[in-house]
Amino acid sequence: MPKRTDLRKILIIGSGPIVIGQACEFDYSGTQAVKALREEGFEVVLVNSNPATIMTDPELAHRTYVEPLTAEYVAKIIERERPQALLPTLGGQTGLNLAVALAEDGTLDRFGVELIGAKLPAIRKAEDRQLFKQAMERIGLALPRSGYARSLEEARAIVRQVGYPLIIRPSFTLGGTGGSIAYNPEELEDAVRWGLQTSPVGTVLVEESVIGWKEFELEVMRDLADNVVIICSIENVDPMGVHTGDSVTVAPAQTLTDKEYQLMRDAAIAIIREIGVETGGSNIQFAVNPDDGRLVVIEMNPRVSRSSALASKATGFPIAKIAAKLAVGYTLDEIRNDITRETPASFEPAIDYCVVKFPRWAFEKFPEADRTLTTQMKSVGEVMAIGRTFKEALQKSIRSLEQDRWGLTLERPAEDEELRQLLRVPNPDRVFAIGEAYRRGVATQEIHALTKIDAWFLEGIREIVARWTRARRSSSPTRPTSTPRTRRRTRRRRPTAPRSSSSAPGRTASARASSSTTAASTPPSRSATSAWRRSWSTATPRRSRRTTTPPTASTSSRSRSRTC
Amino acid sequence: MSTALLVLRDGRVFRGEPLGAVGETSGEVIFNTAMQGYQEILTDPSYRGQIVAMTYPLIGNYGVNEEDLESRKPWVNGFIVKECSPVASNFRAGMSLDAYLKRHAIVGIQGIDTRALTRHLRDHGAQDGIISSVAGDPADLLARARELPGLIGRDLVAEVTADHAYTWDQGLWELSRGYVAPPPPRFTVVAYDCGIKWNILRQLRSAGCGVTVVPAATPADAVLALEPDGVFLSNGPGDPEGVPYLIASVRRLLGRVPIFGICLGHQIMGLAGGGSTYKLKFGHHGANHPVKDLATGKVEITAQNHGFAVDPQSAERHGWEPTHVNLNDGTCEGLRHREWPAFSVQYHPEASPGPHDANYLFHRFTGLMTRKGG
């Protein structure tokens, strides 16, 4: 199908300020979309309140509105610009929510604006937990087992089908208030009682916990001719329980047989069709029980996401750009593949390398903040590294963090008990704690028991540490080398700044720049500094889909929290 | 650490470490771009005569299990990976890849730059080569690599076909249930085994075909004597022109009974129907090839494994029409006869490994038999 000729002017909604919990992925996707639509001869109107984005550069869109991202303001822009279409799937959750608001309050109908990419029913079906669950049941896919209970007896009845551990979520509370995990009948009793008290409507959702299951994502694209391709599979090193944005992730998936991968691929294709995302990219998350391979659907984002940005850079397939072209009528086989320039975009990238994404946290700026990683994303950015092996990519990613970390070592000594805790409870130091555990001779089996991280990833880390140990032995045969302090003394060529509270993990580039010794060996990165300042300046708490656990019943899908 | 060598016919040498059995092996060196499914690839009889290099560098991660088999044993002449995982991490894993290769005496090499090898094969074409983890002299290996026979005109089907007829009664794989019992058969199908992948049989069986598998050398009259509703021509190794006896059989069957062919079966059909085939520079081996259905315009992502292809113009002169085309290089991916109930595809609708997008073709086959039977 060729490009649509009934559209001339298209409105794109950006995603506003960059906040903790984003990696500025929507600037990437929005900018790509603006460029792609301009390239096709459309007039592009952009609204985004954030002037520090590339997409708001004057030469990008034909008209750029730096205005608040509220239905009221966007309605005024629509009234003035009279676009024929609104492309809502490239501005993250903010863009999507605004589009829904404008559709629901009649603004789009009043001015004859068509939603392209994803229509309102598709967005609702993906976003509303109940509708999503029904849709999955229609196509025979499972979500974590669950049921609503109004009393302890009802909760116990559900437990008989679901089994422990369980997540108890009270209905209609915000921010996850009253939610808890129950591992046994006693905890269930407490959790349900507390939950029922907290819920204004006196109901709780009792849900199977998939904490510790393997977590996967697929990036899916669909066109108006119903062609569907999978751009990238991503496997989370950290199992379920840690937000994908706070997980170390790897592309492509490493520990699935073809049979299991194809089950997931078939499921993803069925989901995008059932939800009815007409064109563009979607991100679908799955959990897999490592003991029996059971597959459950966690959620679907009917839009491009942080993972789309990663998948685009990991594979060379520009998801946001192609999504924009699909939205205006092209089919995948009509669009050229940017890598080969000869073959069409209707293909599934096959890569010959391993990609590791490592999150970048900034807890040193928030000493009061809880460093435990949960279902609420706490990182302020991420780095990606490519290698021919997982080991290579992992180490490159650690060096890319610009935190003066060069390997899998803890930055401060930890007693065995503390180390065990660092392994058991997800936190920013966990990967480094795994390295330290191997250095102390802990077996893979035990580390797996504590972390639930797949043995394949653990073995990769073990090999890195084994090589490190061999290298240490051959370079200084007499010196015991197990503490970070000793290592620091012997590593003359890479001096680090003195240990102090300001040089704790996650020193900023600017902090490092002030240390002359460090600056000599590792010049600070300007981009890191500015990215840092940006996130700092916008770090006000903000109610986003990821930072709250909204009502469990009906309306909001955001209760379909990613983990439990 | 012991070393292993890969020496290509054109003199290129790669040094790595042994993988699987220690020894020496030879064959046509090709590359496969699938990122998972190595167990299915190893056990696909179509790889007879070939040394398979995986372009994805991390292989063996999920080990080897008892279910993901496409035949009773691995058939590849040799196996090349960048890094073979020492740990087999999957709930179904029974052993490591290395142990599996050792058990079946498959000689391999790991630790070489498989990207450089792939680029070399893309630029200079798939070619004969030798892997050795016993001989130290590359010059000696090169001299022997230059003596290797290549694939053209050779009958490799004879090495992998069944030695007697048998029936198939296993359905498709399901998670937690394994291979399920198939529905009762509605059609009688005779499948020529040129090295048939089990998942083709599972697919046929699940689509309602009672399948009798016969050796590739079975004459057409013996097949017709079984009074089948349809005949299936399987995948298989090597050059289709190396199996003239099967081409002759299919020539007799065309027009008399509905026929469906996959891969080598597609090439055999093309040759029997009057067309010609040719060798591709480095073939199609992977699980991500986009194919367009010319009738519907829809794109399927397909599993492929072939080094030869049918020249569509040559077939069109004899009443065939192309039905599918490869979007990467425009080669012919499917044929249909304008009058006879016969069609074939170059790619693998049975997948395993690969996407399931083209499963509908098995139902197209049963549809053809339904119409034929009235």
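Quick caveat: nothing in here was measured; it's all calculated off a predicted structure. Side-chain atoms are counted along with the backbone in the values below, which use heavy atoms only and exclude waters and symmetry mates. So that the names make sense, note that chain A is the first sequence line, chain B the second, and so on, each numbered from 1.
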- request: Could you walk me through whether B:Arg115 and A:Arg388 pass side chain to side chain contact (heavy atoms under 4.5 Å, CB included), step by step?
  value: CA-CA 9 Å; B:Arg115 183 180 288 172; A:Arg388 288 276 283 166; 3.7 Å; yes
query: What do the steps show when you test B:Glu83 against A:Lys391 for salt bridge (Lys or Arg N to Asp or Glu O under 4.0 Å), and what is the final call?
result: CA-CA 11 Å; B:Glu83 186 177 273; A:Lys391 290 165 283 198; 3.1 Å; yes
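Both the backbone and the side chain of B:Asn328 come within contact range of chain A, each with at least one heavy atom under 4.5 Å from a heavy atom of that chain. Of the atoms belonging to A:Asp291, it is backbone heavy atoms, and not side-chain ones, that fall under 4.5 Å from chain B. Within the 4.5 angstrom heavy-atom criterion, atoms from both the backbone and the side chain of B:Lys298 approach chain A. For chain B, the nearby part of A:Tyr261 is the side chain; its heavy atoms alone come within less than 4.5 Å. Only the side chain of A:Arg265 comes within contact range of chain B, judged by heavy atoms closer than 4.5 Å. Proximity to chain B (any heavy atom under 4.5 Å) is shown, for A:Asn337, by neither the backbone nor the side chain. Residue B:Ser352 touches chain A through both its backbone and its side chain, counting heavy-atom pairs closer than 4.5 Å.
Side-chain atoms of A:Glu463 and B:Pro86, non-hydrogen and from C-beta on, do get closer than 4.5 Å to each other. The shortest side-chain heavy-atom distance between B:Ser176 and A:Arg294 does not fall under the 4.5 Å cut-off.
The nearest pair of heavy atoms linking A:Lys259 to B:Tyr179 is CE-OH, 3.3 Å. In plain terms, the two heavy atoms of A:Pro290 and B:Phe91 that are nearest each other are O-CB, 3.2 Å. Shortest non-hydrogen contact noted between B:Pro290 and A:Ser346 is CB-O, 2.8 Å. Of all the heavy atoms in A:Tyr353 and B:Tyr56, the pair that sits closest is O-CE1, 3.4 Å. What you find for B:Leu175 and A:Leu263 is that their closest heavy atoms are CB-CD1, 3.8 Å.
When the candidates B:Thr55, B:Leu327, B:Ile301 are compared by the number of heavy-atom contacts under 4.5 Å with chain A, B:Ile301 comes out ahead. No other option in B:Val87, B:Asn61, B:Asp329, B:Asp68 has as many heavy-atom pairs under 4.5 Å with chain A as B:Asn61. Annotation: maximal heavy-atom pairing with chain B below 4.5 Å, among A:Asp454, A:Ile269, A:Thr389, occurs at A:Thr389. Of the residues considered (A:Lys214, A:Gln262, A:Glu260), A:Gln262 shows the highest number of contacts with chain B, using heavy-atom pairs under 4.5 Å. Each of A:Val229, A:Thr331, A:Leu332, A:Leu256 has some count of heavy-atom pairs under 4.5 Å with chain B, and the biggest count is that of A:Leu256. Of the listed residues (B:Ala88, B:Pro353, B:Gly63, B:Gly37), the one with the most heavy-atom contacts under 4.5 Å to chain A is B:Pro353. By number of non-hydrogen pairs under 4.5 angstrom with chain A, the leading residue of B:Thr118, B:Asn65, B:Thr114 is B:Thr114. Heavy-atom pairs under 4.5 Å with chain A were tallied for B:Asp113, B:Thr33, B:Leu58; the largest tally goes to B:Leu58. The greatest number of non-hydrogen atom pairs below 4.5 Å with chain B, out of A:Ala350, A:Ala225, A:Gly293, A:Ser233, is found for A:Gly293.
Looking only at distances, a side-chain donor or acceptor of A:Asp258 sits under 3.5 Å from a matching main-chain atom of B:Gly354.
Remark: A:Arg336 CZ is packed, more than 12 non-hydrogen atoms of other residues, nucleotides or ligands lying under 6.0 Å away. Other residues, nucleotides and ligands place more than 12 heavy atoms under 6.0 Å from the CZ atom of A:Arg273.
For the 3.5 Å distance criterion, the side chains of B:Arg92 and A:Thr257 qualify, holding a donor opposite an acceptor.
A distance of 9.5 Å separates OG1 in A:Thr343 from CG in B:Asn326, rounded to the nearest 0.5 Å. With rounding to the nearest 0.5 angstrom, the OH atom of B:Tyr62 is 11.0 Å from the CD atom of A:Gln254.
Of the charged side-chain nitrogens involved, none lies within less than 4.0 Å of a carboxylate oxygen, so that B:Lys82 and A:Asp352 do not count as a salt-bridged pair.
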